[in-house]
Amino acid sequence: MRKLPNNLTLNNQSTDAKGARLPIHESAMKHVTGDAVYIDDMPEWPNELHIATGKSTEAHADIVSINLDKVRAHPGVVDVIVQSDIPGEIDVSPVLSGDLLLAGDFVHFIGQSIFAVAATSLRAAKQAVELAEIVYKPRISTLHPKESLERQEFVLPTHTIQCGDVKSAMASAPHKIKSDLYIKGQEHFYLEGQISVAVPNEDGGVLVYASSQHPAEVQKLVAKVLGLPVAQVLVEVRRMGGGFGGKESQAAVLGCMAAVLAIRNRCPVKYRMPRQDDMVQTGKRHDFWNSYEVGFSNEGEILSAEYDMVGKCGCTADLSDGVVDRAMFHADNAYHLPNARISGYRGKTHTVSNTAFRGFGGPKGVLLAEAVVEEIACTVGKDSLDIRKLNCYQEGKTKTPYGQEVEEDVLLTLIEELEESSDYRARRQAINEFNKQSPFLKKGLALTPVKFGISFTSKHLNQGGALIHVYTDGSVQISHGGTEMGQGLYTKVAQIVAKTFGIDYQRVNVCSTRTDKVPNASPTAASAGTDLNGMAALDAARTIKGRLQEFAMEHFGIAADEFAIEDDSVTLGNETMSFPEFVKLAYMNRVSLSSTGFYKTPKIGYDRKAAKGRPFLYFSNGAAVSEVIVDTFTGEYKVTQVDILHDVGDSINSDIDIGQIEGAFVQGMGWLTSEELSWDEKGRITTNSPANYKIPTSADVPEKFNVKLFDRANSEESIYRSKAVGEPPLMLGISVWCALKDACASVCDHKFSPPLAVPATPEAVFYSMQAAQEFVANASTNKAKAENA
Amino acid sequence: MHFLLNDKPVTETALPSDFTALRYLREKRGLTGTKEGCASGDCGACTLLVGALEGGELKYSTFNSCITPIQSLSGKHLVSVEYLSELSGKAGGELHPAQQAMVEHHGSQCGFCTPGIVLSLAGLYENSQSSDKTIDRESVCDAISGNLCRCTGYRPIIDAGLDMVKTAEDNQFVELMSKNEKIKSQLSAMKEAVSSEKHSSENDRATYLQPITLAELLQAKASHADATMIAGGTDLMLENTQRFHDFATLIDVSQVAELKQIQDNGSTLTLGASVTYSELENFSKTRYPHIYNLLSRIASRQIRNRGTIGGNVANASPIADLPPLLLALDADMQLVKVDGSKRVVNINDFYRGYKTTLLAKDELIESFWIDLTKLNAFHRFYKVSKRMEDDISSVMLAVRFELNDDKISDVRFAFGGMAATPIRAVKAEQSLIGQNVNDEPALAQAIENLRNELTPLSDMRASSRYRLDMACNLIKKAWLELNGTQVPTFSGHPVSDSLLTLGYELPSNKGQGTQEKGASHA
């Protein structure tokens, strides 16, 4: 492993030959012993109640009548509520409106909650909800984004980004391709399902334990449904068993439902969704139906691009505005589009409202860009890597379609470094040879880059808050607005604070995330957790350290530069003192040892009217090479090698960053391979369980899986010059899809890039190869045609 | 019921028959290290290590506690993640090698799947310690095949598994389980109590019968006519955990000695109905590699440790993998009535329609008999699914060819996933019988017949079109293999990198193929 220039290492720890040790995940020991507490592990009160909801069985219908007598009569049932029982507002939408805690007189997706039961056990509640008698009057439903576009049914207005002169550039382009790509969504499948517990307090308010990426929003919405001031609600999140965006907006529903029933019944109430409810009742990654026309030169240089991207938003807006925007902002991926029109439609369908998922729309843009590259390569007869390098942002090609300059010249360097280290050219040669001689198996190879914009596209969310207390024994307690879902945020923030103070990492402790410690916090999302909260913590630590310095100067009569805290020891002119001693002294002299910290991201701003601006502070970059082997009999395949080079700036914790990169890659690979969402003609999701929705297992991960960090600091002043890592590497999984597409194209000697469905299940790969064979047959004699039919 | 829970003997008398081990640990014992991820045996967050005395040896294997009735674990040693911490205290605060390696390799992120993975790895460690087997990548992936992790991408977990360091001889962890004499003696003392105890109760909901002889089993079934039979329960228990249906009396067939036998008498292979997938997998590993390959593709390690052959067949699912195998081998089934009378039926006559069989209400499957000459003939089992591990077949083909000189004298094409029952493509078979082994037009005719013969459904696993295309292609694949063409296959775990890399370079198959081709049905 390369030397990492700015790893924030543990202080005062023995260093081995490999260099200083990095802190492990703050909960690693608790994870392996089973001591880490998730909400369902908290002791239950004897009078605690459990919730289950009665679900709509119609995609779009008026409710004619509801009879809940049998539900109420079921043993164990304590309370049953419908919409009119909600004391405050019924709308629990994150940003806009339309998401109702309980449906009223109509439903707009199968699985929508119509009523809720609180019972003495989850089992009793689940049994009871099946006894409801509900009469519907069905309406016509829209289930496909194509239909939404045809019917002009949108949850929000369409947005378009344009640059250059698309029409004339398209007209004069030597080559054109026009096609479409349907990209299916993805189930989050966090291992810990959605859950909340609400405990009423003595003042009529409520404490909510949530598994949420956005405690401030849970707090706000709980207050809304209860008709209480926000200050009466306290939300705490210690950790989530995975989030991936699925607990950004949609976790709030559980907190709200539990709170309403807790206040009504004056007892603690738990709402835990069994896996099947979770997979039916909560939103997923958006499907996208993308149609495109691209003009390019004989060399394969993109001259003009027109993209129409329709997101399947589901029945309400939820976070879809940002999701579709981000898909549009990433339709260029790493490639310069001199003339482009990119339109994003927010398609309304009568399906569960889709929501955030790692990448937040970005992957749907990036995949489109990479599919286009594969097609261009086949059209002009070049290796797709040459097309990528030709079109990649580089000197002279720096302006994105939305006007932001790509200031760092990283992409081409990074791609070339990976091309070299992965031995791409030699492997391409070997694969071509293999494919010529192998009748039953075909190999494929692809290198795909990713350039991902870092910042929330909703400007106001780009702020972070922190609160730090230093105690008289020198221990430090940190609270910040970010939540821990496994990504190692708490560990990184602790490292940042320890480094900023100059003290031992062991002295600092990050507390659970609570709305009474840091108010109005942004969601932990958009990969921005460390950028925002790390900076806020840095600010708080600097404030306290400044006070300590001021005190030292006054107390010891020393100059500013004679004060330092390094390696856990305080230098005071010629004297040194331990940190606890010095802190004790400062306390005795009445120095404030507590401070808040705040950060807002500079430079950013996007003018929606003009569709121009700088939505992102910087870009995170990376590239992956994937190699696959495909069985032409069945379409089954195996990923045999993956090489990744990823740009995280100066890494704060390379172990954690590599964990994020690998995990995101495999999650992206899963999205594009074995994970297939399926819906029936009524609008019911048929992949409602891990028995029929298949995320990757250990056997799907290649033995040759090499991940390296790109060695360059962030040119922007981010937290210790690091870069965000949560989402970008998910899109490296696209290299697997492209490699499969490449393997299919090898069947027709890359004369044509056969369409490949998303996800590329064995079935999809099989029919892509069939299409390649048909292409060969059509190009050949009629006799051959007959044989292949 | 009596069992050992970590290091404590436990007696329970009033648990509902279908009360799961997971609920027992979390709700009755506060052992919340074991997590519920799916309650359907698909994610492994609830993985439990269970020790059983087998012929004086203490053997440990992993189960999905979410779908395992606690009462089925009577007389066993239940190991939850907390046990490792208890031992850790005795080992001077050191973590178990599985835990230590997971920490050092950053094998946890959100941590929710971690206790389950730790137990799967601890089970692997335990078994490798007691058998001196080395731990390689294949064995790690096998051990965690039923453990989903959504955060790490598995690489660090696999590395952790490979790096579980053998601890010093005097360490507590060496005597963790199998070599722990105290546990052995506690369990054997319990065995007495277990075998003599009457699980029956006044309350039907609490009656869980676990007979250990066939006579006891028949008696139990006779006196509880409405009881539900349970073997591994890997499908049955979903009624309880997914549809929240409450079972009354359960009769557990999994411990009945007569039903657990695997016997090869030189002419017939007898497989007891309660033989688990894992047991058959172990048995077939060196003897019948094609059976082994299929078994290693069925479900996950945790499920294979529980699920039984009889359960898979009696459950009558059209997508089960063993029925086609047994159909291809013309297996006979010995059925036994509560009065002790027995009859033999061929599996070809067993399935009557979707989820229905000719098994009478007062009857159960005792064993399967496979004529060894059929196993000596050319046979292959191909499974196609979206995911290699722990996935249900889109299509599964079991095929057997018998040759007489260069003519095909008999053939079986048995499918899963192609109809409402496991089914044979009889018309396709017929078009090949009597034909030359390498007669391509005959093969084309067989495929043509197949297309007209079967009309599979479209569902979330595959389209009707793909199922039919696969059925045809798999037949073609088998035919090519029969004719000595080496066809690399993804059916079988793990897919060997070298096989796939070499693929086309391999010499046309020698030993195995010719031997099989030579075997004819005398």
Side-chain angles (χ1 to χ4, degrees), chain A residues 24-25 27-34 36 38 41 123 126-127 189-192 240-242 274-276 437-441 485-487 629 631 633-634 636 638 640 655 659 662-663 665-667 674 676 678 686-687 689-692 694-695 697-701 703 705 761-763 766, chain B residues 32-33 37-40 42-43 45 81-82 85 95 99 102-103 106 108-115 118 137 141 144-145 148 150-158 242 244 384 386-392 459-463 466 469-470 473 477 487-488 490 493-495 497 500 503-504:
Chain A
I24 55 169
H25 192 285
S27 287
M29 299 285 272
K30 291 179 274 187
H31 292 154
V32 299
T33 55
Y38 302 80
D41 302 336
R123 204 168 169 80
K126 284 296 296 176
Q127 288 170 340
F189 210 83
Y190 24 67
L191 262 287
E192 178 209 33
M240 281 163 274
R275 179 63 62 180
Q276 216 171 91
Q437 297 176 58
S438 170
F440 306 131
L441 297 177
M485 60 196 106
Q487 82 279 41
I629 188 158
D631 180 350
F633 275 96
T634 61
E636 290 170 294
K638 186 179 157 81
T640 50
D655 291 329
E662 290 170 339
F665 174 86
V666 172
Q667 200 169 69
S674 59
E676 184 172 31
S678 171
T686 52
T687 43
S689 135
N692 47 41
K694 311 311 273 187
I695 73 167
T697 69
S698 60
D700 297 316
V701 177
E703 190 168 353
F705 190 5
T761 57
E763 175 167 350
F766 179 76
Chain B
T32 54
C38 66
S40 57
D42 292 301
C43 82
V81 72
E82 288 84 0
S85 305
L95 293 172
Q99 295 173 313
M102 280 288 282
V103 169
H106 310 280
S108 72
Q109 285 183 24
C110 87
F112 200 82
C113 70
T114 310
V118 162
R137 186 184 171 89
C141 288
I144 61 172
S145 58
L148 297 180
R150 193 53 152 165
C151 295
T152 64
Y154 302 101
R155 196 275 309 158
I157 298 173
I158 297 169
Q242 300 296 301
F244 300 93
V384 177
K386 279 185 194 166
R387 192 174 72 186
M388 284 289 152
E389 292 284 350
D390 196 7
D391 198 1
I392 289 164
D459 66 9
M460 80 296 267
R461 294 198 173 88
S463 68
Y466 180 66
D469 282 345
M470 284 309 97
N473 268 10
K477 191 169 183 163
V487 188
F490 284 69
H493 161 75
V495 184
D497 277 340
L500 297 181
Y504 67 102

**Item:** Closest approach of A:A28 to B:V103 (non-hydrogen atoms, all atoms of both residues)
**Value:** O-CG2, 4.0 Å
**Message:** I'd like to know which of B:R387, B:M460, B:M102, B:R461 tops the heavy-atom pair count under 4.5 Å against chain A.
**Reply:** B:R387
**Request:** Please indicate whether A:M29 has more than 12 foreign heavy atoms, meaning atoms of other residues, nucleotides or ligands, lying under 6.0 Å from its CE.
**Result:** no
**Asked** Do you know the tightest heavy-atom contact between B:D42 and A:S689?
**Response** OD2-OG, 4.1 Å
**Item:** Interatomic distance, A:T697 atom OG1 to B:M388 atom CE [nearest 0.5 angstrom]
**Value:** 10.0 Å
**Flag, side chain of A:E662 to backbone of B:R155, donor-acceptor distance under 3.5 Å** = no
**Asked** With a 4.5 angstrom heavy-atom cut-off, which part of B:I158 approaches chain A: side chain, backbone, both or neither?
**Response** side chain
**Nearest-0.5 Å distance that lies between atom CD in A:E763 and atom CG in B:D469** = 9.0 Å
**Under 4.5 Å from any heavy atom of chain B - which part of A:F189** = both
**Message:** Is A:F665 in contact with chain B via its backbone, its side chain, both, or neither, using a 4.5 Å heavy-atom distance?
**Reply:** neither
**Asked** Checking B:M470 against chain A: side chain, backbone, both or neither under 4.5 Å from a heavy atom?
**Response** side chain
**Fill in**
When the 4.5 angstrom heavy-atom criterion is applied to A:S27 and chain B, the contacting part is neither
**Prompt:** Got a second to check how far B:I392's CD1 is from A:N692's CG, nearest 0.5 Å?
**Reply:** 7.5 Å
**Asked** With respect to chain A, which residue among B:G33, B:G153, B:A462 yields the maximal number of heavy-atom pairs within a distance under 4.5 Å?
**Response** B:G153
**Request:** Please name the pair of heavy atoms, one in A:G34 and one in B:V81, separated by the smallest distance, quoted to 0.1 Å.
**Result:** CA-CG1, 3.9 Å
**Prompt:** Which distance, rounded to the nearest 0.5 Å, do you find between the OG1 of A:T634 and the CG of B:N473?
**Reply:** 8.0 Å
**Heavy-atom pair count under 4.5 Å with chain A, highest-scoring of B:I157, B:D459, B:D390, B:T152** = B:T152
**Message:** Quick check against the 3.5 Å criterion: does A:Q276 have a side-chain atom that pairs as donor or acceptor with the backbone of B:Q242?
**Reply:** no
**Prompt:** SG/B:C151 to CD/A:Q487 distance, rounded to the nearest 0.5 angstrom?
**Reply:** 9.0 Å
**Fill in**
Looking only at A:V666, A:T33, A:T761, A:T686, most heavy-atom pairs under 4.5 Å shared with chain B are made by A:T33
**Item:** Contacting moiety of A:V32, where chain B heavy atoms sit under 4.5 Å
**Value:** both
**Request:** Dump the intermediate steps for side chain to side chain contact (heavy atoms under 4.5 Å, CB included) on A:D631 and B:V487, then the final yes or no.
**Result:** CA-CA 10 Å; A:D631 180 350; B:V487 188; 5.9 Å; no
**Asked** Looking at B:F244 and A:P274, what are the two nearest heavy atoms and their distance?
**Response** CZ-CG, 4.3 Å
**Prompt:** Roughly how far, to the nearest 0.5 Å, is the CD atom of B:Q109 from the NE2 atom of A:H25?
**Reply:** 7.0 Å
**Asked** Do the side-chain N and O atoms of A:H31 and B:T114 include a donor-acceptor pair separated by under 3.5 angstrom?
**Response** no
**Request:** Under 4.5 Å heavy-atom distance to chain B, tell me which part of A:A691 shows up: side chain, backbone, both or neither.
**Result:** both
**Message:** Using heavy-atom distances under 4.5 Å, tell me whether A:D41 contacts chain B through its side chain, its backbone, both, or neither.
**Reply:** both
**Check: A:Y38 side chain, B:F112 main-chain N or O, donor-acceptor pair, under 3.5 Å** = yes
**Heavy-atom proximity to chain B below 4.5 Å, by part of A:S678** = side chain
**Request:** Could you look at B:A39 and say if it's the side chain, the backbone, both or neither that has a heavy atom under 4.5 Å from chain A?
**Result:** neither
**Item:** Interface residue of largest heavy-atom contact number with chain B, from A:K694, A:E676, A:R275, A:Q667, under 4.5 Å
**Value:** A:K694
**Request:** Specify which of B:H106, B:E82, B:R150 makes the most heavy-atom pairs with chain A at under 4.5 Å.
**Result:** B:R150
**Message:** How close do B:S40 and A:P690 get, counting heavy atoms only, and between which atoms?
**Reply:** OG-CG, 4.0 Å
**Request:** Could you tell me which non-hydrogen atom of B:C110 sits nearest to which non-hydrogen atom of A:G242, and how far apart they are?
**Result:** CB-N, 3.3 Å
**Prompt:** Checking B:V118 against chain A: side chain, backbone, both or neither under 4.5 Å from a heavy atom?
**Reply:** side chain
